[in-house]
Amino acid sequence: MDTFEQEPSREQKIWQVVAAIPEGSVASYGQVAAMAGLGRQARFVGRALGRLPGGHSIPWHRVIRSNGQIAFGEGTEARQLQTEKLRMEGVEVIKGRVRMKDFQWQP
DNA sequence: GCAATGACACTCG
DNA sequence: CCGAGTGCCATTG
């Protein structure tokens with residue numbers, strides 16, 4: 001029973017913010033963290049998404065580093081998938097990085 | 001209970 | 001442009 005209650009609210013907040021990112025835009029971990037009320041806790045966002053089980057329906061591919069780079073290492077399936085998804089939504093991905101200046105989500 | 005790790009961010013040189 | 005150091009917090013051995 002107590003095996004499914006790891007972290008309450010914080011994750012929920014993150015999911016909300018990530019789910020609120022419009023198509024064709026991207027947000028950095030720090031940005032999501034700030035909007036979720038976590039301040040600089042970007043790591044919490046990353047860990048939250050990474051440890052998240054299936055069935056969450058969260059567009060994790062719209063979340064990248066503050067620097068515009070894809071969070072995953074080169075040669076990983078996840079990175080390829082994220083790149084493809086972003087391109088499919090109209091986001092230009094050059095060498096695994098995005099032009100934040102033009103695609104960063106501005107609330 | 002401590003040490004190491006991790007889908008990060010920021011500053012400095 | 002890139003490397004190194006620091007902070008922040010939860011998970012895992």
Side-chain angles (χ1 to χ4, degrees):
Chain A
M1 300 313 185
D2 3 56
T3 59
F4 63 93
E5 282 254 27
Q6 286 146 66
E7 350 259 317
S9 45
R10 281 198 245 274
E11 271 194 340
Q12 295 287 331
K13 204 74 176 192
I14 293 170
W15 304 339
Q16 290 245 345
V17 177
V18 177
I21 303 174
E23 294 181 10
S25 299
V26 293
S28 63
Y29 292 91
Q31 205 177 344
V32 173
M35 288 180 201
L38 304 174
R40 278 299 216 339
Q41 257 36 31
R43 287 195 150 183
F44 201 96
V45 178
R47 191 189 60 76
L49 295 176
R51 298 238 56 97
L52 230 51
H56 44 52
S57 307
I58 303 300
W60 55 270
H61 58 265
R62 285 183 203 147
V63 185
I64 57 181
R65 291 193 182 181
S66 61
N67 170 51
Q69 291 194 273
I70 304 293
F72 303 97
E74 290 180 43
T76 58
E77 301 274 327
R79 199 199 94 139
Q80 291 281 342
L81 187 62
Q82 183 167 23
T83 304
E84 295 290 300
K85 282 176 173 279
L86 289 174
R87 280 183 176 169
M88 193 166 69
E89 297 197 347
V91 179
E92 217 173 332
V93 184
I94 311 298
K95 289 174 167 50
R97 59 203 297 177
V98 180
R99 248 180 278 181
M100 299 294 284
K101 207 183 163 169
D102 294 328
F103 294 107
Q104 186 165 66
W105 178 37
Q106 301 165 75

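Naming: A, B, ... by sequence-line order, numbering from 1 per chain. Worth knowing before you read on, the calculation uses all heavy atoms, side chains too, and leaves out hydrogens, waters and symmetry mates.
The nucleotide whose nearest atom lies closest to any side-chain atom of F72(A) is, among dA9(B), dA7(B), dT11(C), dA7(B). Listed candidates were dA9(B), dA7(B), dC9(C). Nearest to the side chain of W60(A) is dA7(B). Comparing atom distances between the R51(A) side chain and each of dT11(C), dA9(B), dC1(C) picks out dT11(C) as nearest.
Here R47(A) contributes atom CZ and Q41(A) contributes atom CD; the two are 11.0 Å apart, rounded to the nearest 0.5 Å.
As a whole-Å value, the separation of Y29(A) OH from dG6(B) C1' is 11 Å. Straight-line distance from the CD atom of Q41(A) to the P atom of dA10(C): 8 Å, rounded to whole Å. The CE atom of M100(A) sits 10 Å away from the P atom of dC10(B) (whole-angstrom rounding). In this structure, R47(A) atom CZ and dA9(B) atom P are separated by 16 Å, rounded to whole Å. Atom-to-atom, CD of E11(A) to C1' of dC9(C) comes out at 13 Å; the value is rounded to the nearest Å. Atom CZ of R97(A) is separated from atom C1' of dC1(C) by 9 Å (rounded to the nearest Å). Here the C1' atom of nucleotide dT11(B) and the CZ atom of R40(A) are 10 Å apart, to the nearest Å. Atom CG in L38(A) sits about 10 Å away from atom P in dC9(C), given to the nearest Å.
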W60(A) vs L81(A), test: side chain to side chain contact (heavy atoms under 4.5 Å, CB included). Steps then yes/no.
CA-CA 11 Å; W60(A) 55 270; L81(A) 187 62; 3.9 Å; yes
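Scored by the side-chain hydrogen bond (donor to acceptor under 3.5 Å, both in side chains) test, E92(A) finds no partners at all (sequence neighbours excluded).
Although no hydrogens or angles enter the test, the distance criterion places a donor-acceptor pair under 3.5 Å between the side chain of Q82(A) and the main chain of V63(A).
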